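As the structure is a computational prediction, the values presented were derived from the model and not from experiment. In the text below, chain A, chain B and the rest are named by the order of the sequence lines, each starting its count at 1.
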Number of protein chains: 2
Amino acid sequence: MHSFTEENYLKAIYKLMENDGPEVSTNAIAAHMNTRAATVTDMIKKLSAKKLVHYTPYQGVSLSTTGKKAALSIIRKHRLWEFFLVEKLGFRWDEVHDMAEQMEHIQSPELVERLDEYLGFPKHDPHGDPIPDAKGRLPETEAALLLSAQKGKKYKMSGVIDHHVLFLKHLDEIGLKPGCIIYVDQITSYDLSLQIRINGGKPLFISHQIARNILITSSR
Amino acid sequence: MHSFTEENYLKAIYKLMENDGPEVSTNAIAAHMNTRAATVTDMIKKLSAKKLVHYTPYQGVSLSTTGKKAALSIIRKHRLWEFFLVEKLGFRWDEVHDMAEQMEHIQSPELVERLDEYLGFPKHDPHGDPIPDAKGRLPETEAALLLSAQKGKKYKMSGVIDHHVLFLKHLDEIGLKPGCIIYVDQITSYDLSLQIRINGGKPLFISHQIARNILITSSR
DNA sequence: TCCAATATTTAGACTAATCTAAATATATAT
DNA sequence: ATATATATTTAGATTAGTCTAAATATTGGA
Ligand SMILES: [Mn+2]
Ligand SMILES: [Mn+2]
Ligand SMILES: [Mn+2]
Ligand SMILES: [Mn+2]
């Protein structure tokens, strides 16, 4: 099979393709993986030899069909284990990433399917990210940013863009988490801040900085 | 921390010390790990430099206090995950070893303690092997071999010596598993076979080959 | 006690993953 | 269009883990 390192590269390339378009640059991968461009070039050549990526020197890299399948399998495992850690072991959503980063590499197709069943086939992880199914299909998700919300409407929080620990802890403190209902009472055009209520609670001010990192869907 | 490889060596040395006495030979480790003696010598030197083992060239190796602690921590994780896989995910006891072999290397003290709690602080894994506690202490276990049982007495099965898949599957088929009560009706001195009943069921013949791989304690 | 069989270590080589520094290709800005 | 800046690759080195073959130490039998 693939080494941990190869798997981590596949996942990184998948995420960069998702954000920055189909051709991923050597430097982008190096930055994302906290390594050097020369190291990335070496690994790309290996992944290319294994037909996991398409690669033209100087022109960037993209996942092949098999590479994409492998990446989705790793992401599936990562998100299922995160769900397990939060729902079964009681960890907070800001604590689980590093553990899942290790658990995603456990090799056993049977284990993944049993875990999925044990967890009740969840569609989203604790951060609201979609969990690919056994075939690598992602659940449908139409999500918008909270900063594009309209005054007077209500929405359901569906996830976050930023996954950093400090951001997640802050959301915890103010009571925002995936699934909660957000009523948008005011929008201040000057600084793009919002005044909201969560599940009909007390009014709360949300800065642009935060609003642009929160995903919402139409409530219902 | 320690690499997967180092952890696997520590565990191997622990198990060999348990079975063969305090000084473990290079060849014994090589055989147990399915590798070469020269490879073992290299690794022993590294473990020795890290003060995880005591080593005198040509004289064998033994775990230091810290090495033993590390080995017990890995064994704790291995057996807790095996318990999880059987009790929560519904795997059979002959299916879980290879998965636990990977899961035992996940680094997160908090995860281990939460898992232990979630599982109800089990004292033994699905094979009847004792689970070290958070401090590395093993639960008390006075276990004897079924082949040393006495006619007319009853015992509780507490575990197995042999852990191979085929043996475990066979035990499953005849209904023997840790926790069951074994009534010894007959002992044939010629071939050292036994006639037993499990939980008061039908009479069953057990060969010496099997009897010497089953652990028992006094029933109650 | 001594020698041959066995066990262990050393020497030298290989692969995977990483790095720094140098070379080369691509992009951008007059 | 040319030169400068940036991005990428190549060259050469390092570390962990492994191997084979050769050297050396230990052990047990005559
Ligand atoms: Mn990872
Ligand atoms: Mn997540
Ligand atoms: Mn292992
Ligand atoms: Mn076990």
Atom-pair distance ([atom1] on [X]; [atom2] on [N]), nearest Å:
X        : N       : atom1 : atom2 : result
Asn34(A) : dC19(C) : CG    : C1'   : 13 Å
Glu6(A)  : dT15(C) : CD    : P     : 15 Å
His2(A)  : dA16(C) : NE2   : P     : 14 Å
Gln59(B) : dA25(D) : CD    : P     : 13 Å

Side chain to side chain donor-acceptor pair (under 3.5 Å): pairs with one or both residues in residues 163-172 of chain B, sequence neighbours excluded: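 Residue pairs with at least one partner in residues 163-172 of chain B: Trp93(B)-Asp172(B), Asp129(B)-His163(B), Asp162(B)-His164(B).
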- request: Only pairs at least two apart or in different chains count here, so list each side chain to side chain donor-acceptor pair (under 3.5 Å) that has a residue in residues 135-151 of chain B.
  value: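 Only Asp133(B)-Arg137(B), Gln150(B)-Lys153(B) qualify under side chain to side chain donor-acceptor pair (under 3.5 Å).
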Going by the salt bridge (Lys or Arg N to Asp or Glu O under 4.0 Å) test, which pairs reach into [range], not counting sequence neighbours?
range                     : answer
residues 13-42 of chain A : none
residues 67-77 of chain A : Arg76(A)-Glu113(A), Arg76(A)-Asp116(A)
residues 49-61 of chain A : Glu6(A)-Lys50(A)

message: Suppose we screen for ring-ring contact (aromatic ring centres under 6.0 Å, His included). Which residues come up paired with His105(A), at least two apart in sequence or across chains?
response: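 With sequence neighbours excluded, His105(A) shows a ring-ring contact (aromatic ring centres under 6.0 Å, His included) to Phe4(A), given in chain and number order.
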query: His32(A): what forms a ring-ring contact (aromatic ring centres under 6.0 Å, His included) with it, not counting sequence neighbours?
result: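 By the ring-ring contact (aromatic ring centres under 6.0 Å, His included) rule, His32(A) matches no residue at all.
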task: Using Watson-Crick or G-U wobble pairs with both distances under 3.5 Å, give me DNA chain D in dot-bracket, 5' to 3', with [ ] for crossers and | for pairs to another strand.
output: ||||||||||||||||||||||||||||||
- request: Tell me, please, which residues at least two apart from Glu7(A) pass salt bridge (Lys or Arg N to Asp or Glu O under 4.0 Å).
  value: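 With sequence neighbours excluded, Glu7(A) shows a salt bridge (Lys or Arg N to Asp or Glu O under 4.0 Å) to no residue whatsoever.
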Pick out the pairs of N or O atoms, protein on one side and nucleotides 3-7 of chain C on the other, that lie under 3.5 Å.
none

Non-neighbouring partners of Ser207(A) that pass side chain to side chain donor-acceptor pair (under 3.5 Å), sequence neighbours left out: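 Result, side chain to side chain donor-acceptor pair (under 3.5 Å) vs Ser207(A): none returned.
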message: Please check this pair: side chain of Ser25(B) against backbone of Ala28(B), looking for a donor-acceptor N/O pair closer than 3.5 Å.
response: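 Yes.
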task: Report yes if a side-chain nitrogen or oxygen of Tyr9(A) is closer than 4.0 Å to either non-bridging phosphate oxygen (OP1 or OP2) of dA16(C); otherwise report no.
output: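 No, Tyr9(A) has no side-chain N/O under 4.0 Å of OP1/OP2 on dA16(C).
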query: With a distance cut-off below 6.0 Å to the six-membered ring centre and an angular limit of 45° from the axis, does Lys88(B) pair with Phe84(A) as a cation-pi contact?
result: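 Geometry flag: not set, cation outside 6.0 Å or 45°.
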query: So what does Phe4(B) touch, heavy atoms closer than 4.0 Å: a base, only the sugar-phosphate, or nothing?
result: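 Nothing, no nucleic acid heavy atom in range.
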- prompt: Under a 4.0 Å heavy-atom cut-off, which of residues 35-45 of chain B touch DNA chain D?
  reply: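 Going residue by residue through residues 35-45 of chain B, the ones with a heavy atom under 4.0 Å of DNA chain D turn out to be Thr35(B), Arg36(B), Ala38(B), Thr39(B), Asp42(B), Met43(B).
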- request: Select from Thr5(A) and Pro57(A) the residue whose nearest nucleotide in DNA chain C is closer to the 5' end of that strand.
  value: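 The 5'-side residue here is Thr5(A).
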